[in-house]
Amino acid sequence: MVPGDGIGKEVIAAALEVLEAAGTKEQLEFTHFDWSADRYLKDGTTLPGYADGSGFRKLESDFDAILVGALGDPRVPTNIHAKEILLGMRFKMDLYANVRPVKLLDEALCPLKGVKPADVDFTIIRENTEGLYCDVGGVFKQGTPDEVAVQEDVNTRKGVERVIRYAFDYARKHGKKKVLMSDKSNVMTYAHGLWQRVFKEVAAGYPDMQPSHMYVDALCMQMVRDPRQFEVIVTNNMFGDIITDLAAGLQGGLGMAASGNIHPGKTSMFEPVHGSAPPLAGKNVANPMGAILTAAMMLEHLGVSTAAKKIEAAVLQAVQQRKTTSDIGGSMGTQECAEWIAQQVAR
Ligand SMILES: NC(=O)c1ccc[n+]([C@@H]2O[C@H](COP(=O)([O-])OP(=O)(O)OC[C@H]3O[C@@H](n4cnc5c(N)ncnc54)[C@H](O)[C@@H]3O)[C@@H](O)[C@H]2O)c1
């Protein structure tokens, strides 16, 4: 458990309470790490063993899964601790599939007219280790009128192929058939031309599936106009980052969104989609449901499915009965909401 900064600490405490109520004591043993802005400001540590990679190897050898709250604090304007801890785990532990279920739990949470829970039920698989977020690039003549800034979009055949394959396997495992790949290959002909070729090749090995394609701009419009058409969407790192926030809007906002950073067979990391929300921190107002649903996702991944299903059912009840925080229309605090869900789970 890495609660991190701001509301990360509050929502992870909430998730832990619900995990314990789900009777997971036999299966789960928790270790807490204080990696955060506080720790960084105290002794300069981001993630111990970051520089030589030993910290990441230790996470892989000693743990089955990692649950993270959020990282980011205005006292660390460079955000170096968040970058090294969070992007460090994603990149250095090669957690190549960022899995984001998009599920509307109640009609009242969707800003679209007449959209029912059954209409918003799809998953976005975002490539998590390459693309524009590789930190490859540079600046030239910085601070002069002739300044040049270059950021490279890195796409490898191996990286593209494995995430597309993951999307098809995920669809098959979850009883879905429609796998849509989104890119901008009409203009990014080299990088996304590779996505096009690999998608066609991989799709040919899944004759039971229905592969399709949309440019990302068209996809954004379609996600708003008719979200019911989607089952599984696979895309690159940056487009995935953007469309998952749009998708969070469809399900009631960032406080509701869960995610997993996965490398099949290896230690994976789970985190709510939201950040540390500094203005909300310490006020007991943050919505804990994204973190609680993330904990359920982690349980599912670890094969503790019964407890995961109990938690999901309790969150659904809380939403339906308005036992929620104010961002989605309720009047509870973070702790009260978590307690209510924990009690339902324990029952
Ligand atoms: N994965 C992560 O750890 C992560 C992700 C995004 C941003 N960040 C960091 O978090 C800090 C704040 O970033 P930001 O403001 O862009 O994003 P944010 O997700 O923290 O907040 C965006 C908006 O959503 C609201 N919100 C977020 N989570 C909520 C919750 N659980 N309940 C109710 N409302 C919620 C916030 O109040 C705010 O209006 C920055 O330092 C940023 O770098 C971290």
Side-chain angles (χ1 to χ4, degrees), residues 1-15 18 33-41 46-47 66-91 93 95 98-100 105 109 111 124 126 128 133 237-238 240-262 268-295 297-298 315 318-319 323-338 341:
M1 317 279 278
V2 183
D5 300 322
I7 64 166
K9 293 187 181 124
E10 295 162 67
V11 299
I12 289 299
V18 174
F33 291 107
D34 65 352
W35 308 333
S36 59
D38 284 342
R39 173 77 186 269
Y40 176 69
L41 291 169
T46 57
L47 186 145
I66 307 161
L67 185 61
V68 175
L71 288 144
D73 187 306
R75 293 172 300 161
V76 185
T78 58
N79 223 16
I80 180 73
H81 71 299
K83 199 170 170 192
E84 293 197 353
I85 297 166
L86 214 54
L87 293 187
M89 284 184 201
R90 288 183 185 163
F91 282 77
M93 295 170 70
L95 305 178
N98 187 301
V99 180
R100 272 277 291 107
L105 296 183
L109 301 194
I124 298 172
R126 160 188 171 191
N128 214 22
Y133 293 5
N237 207 341
M238 189 194 209
D241 192 4
I242 297 167
I243 66 167
T244 51
D245 270 33
L246 171 53
L250 297 177
Q251 63 183 135
L254 281 170
M256 297 302 294
S259 81
N261 298 265
I262 293 169
S268 292
M269 185 264 278
F270 297 81
E271 52 171 345
V273 173
H274 63 75
S276 56
L280 306 186
K283 296 183 177 154
N284 191 36
V285 295
N287 184 348
M289 289 182 172
I292 293 169
L293 291 169
T294 298
M297 201 176 165
M298 179 184 76
V315 171
V319 169
K323 305 292 182 193
T324 68
T325 45
S326 60
D327 57 311
I328 54 166
S331 57
M332 284 181 149
T334 310
Q335 281 172 16
E336 294 71 42
C337 178
I341 294 169

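These numbers were taken from a predicted model, which means no experiment stands behind them. Just follow the structure's listing: the first ligand is 1, and inside any ligand the first atom is 1.
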Margin query: Can you tell me how far apart CD (Glu84) and OG1 (Thr78) are? Round to the nearest 0.5 Å.
Written below: 9.0 Å
Next item on the list: Enumerate the protein residues lying less than 4.0 Å from ligand 1, judged by heavy-atom distances, in chain and residue-number order.
Entry: Ile7, Ala70, Leu71, Gly72, Asp73, Asn79, Leu86, Leu254, Gly255, Glu271, Val273, His274, Gly275, Ser276, Ala277, Pro278, Leu280, Ala286, Asn287, Asp327
Note to self: Which residues pass the ring pair (Phe, Tyr, Trp, His ring centres under 6.0 Å) test with Phe33, not counting sequence neighbours?
What the structure shows: Trp35, Phe63
Item checked: Any residue meeting side-chain contact (heavy atoms from CB on, under 4.5 Å) with Lys323, in chain and number order, not counting sequence neighbours -> Ala318, Gln321, Met332, Trp340
Margin query: Just to verify, what does Ser259 make a side-chain contact (heavy atoms from CB on, under 4.5 Å) with, not counting sequence neighbours?
Written below: Asn98, Arg100, Asn261, Glu271, Val273
Notebook entry, point to check: Does a donor on one side chain and an acceptor on the other come within less than 3.5 Å for His274 and Asn287?
Noted result: no
Check: Can we say Asp34 and Lys9 salt-bridge, meaning some charged N sits less than 4.0 Å from an Asp/Glu carboxylate O?
Finding: no
